[in-house]
Amino acid sequence: MDLYQNEDIRSRIRTIPDFPKPGILFRDITTLLLDGEGLRLTIDRMAAQVDGTIDLVAGVEARGFLFGAALAMQLGTGVLLIRKDGKLPGATVAEDYALEYGTDRIAIHADAVAPGARVLLVDDLIATGGTARAAVRLLRKVGAEVVQAAFVVDLPDLGGADALRSDGVTVSALVAFEGH
């Protein structure tokens, strides 16, 4: 789907300059979430971009939970929560990833994914791809096949979608915003 055919979705995402620091243009999807029609269109179009059979939708904390749960309902699958480490009870499997200044860690329940499960990774936005790439490594570590990653927004200048593609993941997004 052409990223610019979704102007109706793009127009529902506001840009906040200089947040969280000067020079950053923050793409705020809360305005999209507040709009019932916009949210329905977003989920419908994300579902339409899914290619093939999906066994499970994996949503990345926290906004990925919203889109992931809605997509899972529409696709008739369960939803897997990829959380910050330390937020899940019981046995977990975790993966570290680099941040601008330091590292972070995400986790899933150790028994959450059956080996060979076809997983759709979902989040609201792809920027540098650090979290999404860590999620792919984590899912592969437990034997899942990450068949696609779906995002509402792509920030192509930051290279995350291309990095995921280089990891062998098909990437889709509804809209793109140039710049940071």
Side-chain angles (χ1 to χ4, degrees), residues 1-7 9-33 42-43 45-52 54 57-68 71 80-85 93-108 118-142 144-180:
M1 179 175 288
D2 183 349
L3 296 176
Y4 301 101
Q5 290 181 351
N6 291 308
E7 185 57 36
I9 291 171
R10 182 186 177 87
S11 68
R12 290 170 163 100
I13 300 169
R14 73 177 159 189
T15 299
I16 300 175
D18 300 321
F19 183 83
K21 61 184 184 179
I24 301 293
L25 295 173
F26 186 83
R27 307 307 176 165
D28 181 20
I29 56 103
T30 62
T31 47
L32 173 63
L33 293 171
T42 299
I43 298 305
R45 291 181 191 164
M46 288 179 84
Q49 290 182 339
V50 173
D51 187 24
I54 300 298
V57 175
V60 179
E61 188 166 341
R63 291 173 300 273
F65 295 172
L66 301 168
F67 295 103
L71 275 169
L80 168 67
L81 304 182
I82 299 177
R83 305 274 335 248
K84 300 276 186 187
D85 194 35
V93 178
E95 181 73 24
D96 293 321
Y97 62 101
L99 298 170
E100 187 175 357
Y101 300 105
T103 61
D104 209 345
R105 189 169 173 89
I106 54 174
I108 59 173
R118 296 174 50 82
V119 177
L120 169 67
L121 180 66
V122 175
D123 208 351
D124 66 321
L125 182 139
I126 180 82
T128 64
T131 306
R133 293 180 83 193
V136 168
R137 289 192 307 271
L138 177 60
L139 291 163
R140 287 176 174 165
K141 187 187 291 186
V142 297
E145 179 186 353
V146 182
V147 296
Q148 189 174 342
F151 305 92
V152 179
V153 176
D154 179 17
L155 303 179
D157 294 345
L158 297 179
D162 287 338
L164 273 179
R165 288 181 189 102
S166 72
D167 291 341
V169 178
T170 300
V171 178
S172 63
L174 296 181
V175 298
F177 288 94
E178 302 297 327
H180 299 92

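Note that the coordinates shown come from a computational prediction; the quantities given were computed from them, not determined experimentally. Count residues from 1 along the sequence.
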>> Using side chain to side chain contact (heavy atoms under 4.5 Å, CB included), reason through Ile54 and Leu71 one step at a time and then give a plain yes or no.
In response: CA-CA 11 Å; Ile54 300 298; Leu71 275 169; over 6 Å; no
> After noting the C-alpha distance and the side-chain angles of Val122 and Met46, does the key distance pass the side chain to side chain contact (heavy atoms under 4.5 Å, CB included) rule?
Replying inline: CA-CA 10 Å; Val122 175; Met46 288 179 84; 4.0 Å; yes
>> For a side chain to side chain contact (heavy atoms under 4.5 Å, CB included) check, start with the C-alpha distance between Ile82 and Leu139, then their side-chain angles and the critical distance, and finish with the verdict.
In response: CA-CA 9 Å; Ile82 299 177; Leu139 291 163; 4.2 Å; yes
>> Go through it in stages, so that I can follow the logic: the residues are Val50 and Leu120, the test is side chain to side chain contact (heavy atoms under 4.5 Å, CB included), and I'd like the CA-CA distance, side-chain angles, deciding distance and then a yes or no.
In response: CA-CA 8 Å; Val50 173; Leu120 169 67; 3.8 Å; yes
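Nearest heavy atoms, Ile126 versus Ala161: CG1-N, 3.6 Å. Between Leu121 and Ala135, the closest heavy-atom pair is CD1-CB, 3.8 Å. Heavy atoms only, all atoms of each residue included: Phe26 and Phe19 are closest at CB-O, 3.3 Å. Nearest heavy atom pair, residue Ala58 against residue Val119, reads CB-CG1, 3.7 Å. Shortest non-hydrogen contact noted between Glu95 and Ala134 is CG-O, 3.6 Å. Here the closest heavy-atom approach between residue Pro156 and residue Glu178 is recorded as CG-OE2, 3.7 Å.
Every residue two or more places apart in sequence or in another chain that forms a salt bridge (charged side-chain N to carboxylate O under 4.0 Å, His left out) with Arg118 is listed here: Glu145. Judged as a side-chain hydrogen bond (donor to acceptor under 3.5 Å, both in side chains), and not counting sequence neighbours, Asp51 has no contacts. The side-chain hydrogen bond (donor to acceptor under 3.5 Å, both in side chains) search around Arg140 returns none, not counting sequence neighbours. Applying the side-chain hydrogen bond (donor to acceptor under 3.5 Å, both in side chains) criterion to Gln148, with sequence neighbours excluded, gives Ser172. With sequence neighbours left out, the salt bridge (charged side-chain N to carboxylate O under 4.0 Å, His left out) criterion links Asp104 to Lys84. With sequence neighbours excluded, no residue satisfies side-chain hydrogen bond (donor to acceptor under 3.5 Å, both in side chains) with Thr170.
Of the possible polar contacts, none joining the Asp124 side chain to the Gly64 backbone as a donor-acceptor pair under 3.5 Å is found. Put simply, the side chain of Thr31 gets close to the backbone of Arg12: a donor and an acceptor are under 3.5 Å apart. Using modelled atom types, one side-chain atom of Arg137 and one backbone atom of Asp96 make a donor-acceptor pair closer than 3.5 Å. In this structure, Asp167 contributes its side chain and Val169 its backbone to no donor-acceptor pair below 3.5 Å. Panel note: side chain Asn6, backbone Leu174; a donor-acceptor pair is recorded below 3.5 Å.
Leu125 places none of its side-chain heavy atoms less than 4.5 Å from the side chain of Phe151. Residues Val153 and Ile13 have side chains in contact (heavy-atom distance under 4.5 Å, counting atoms from C-beta outward). Arg27 is listed as a side-chain neighbour of Thr15, based on a closest heavy-atom distance under 4.5 Å.
Partner Phe67 forms a side chain to side chain contact (heavy atoms under 4.5 Å, CB included) with one of Val60, Val57, Leu33 and no other, that one being Leu33.
Taking OH from Tyr97 and OG1 from Thr128, the interatomic distance works out to 9.5 Å, rounded to the nearest 0.5 Å. A distance of 7.5 Å separates CZ in Arg45 from OG1 in Thr42, rounded to the nearest 0.5 Å. The CG atom of Leu66 sits 10.0 Å away from the CG atom of Asp123 when rounded to the nearest 0.5 Å.
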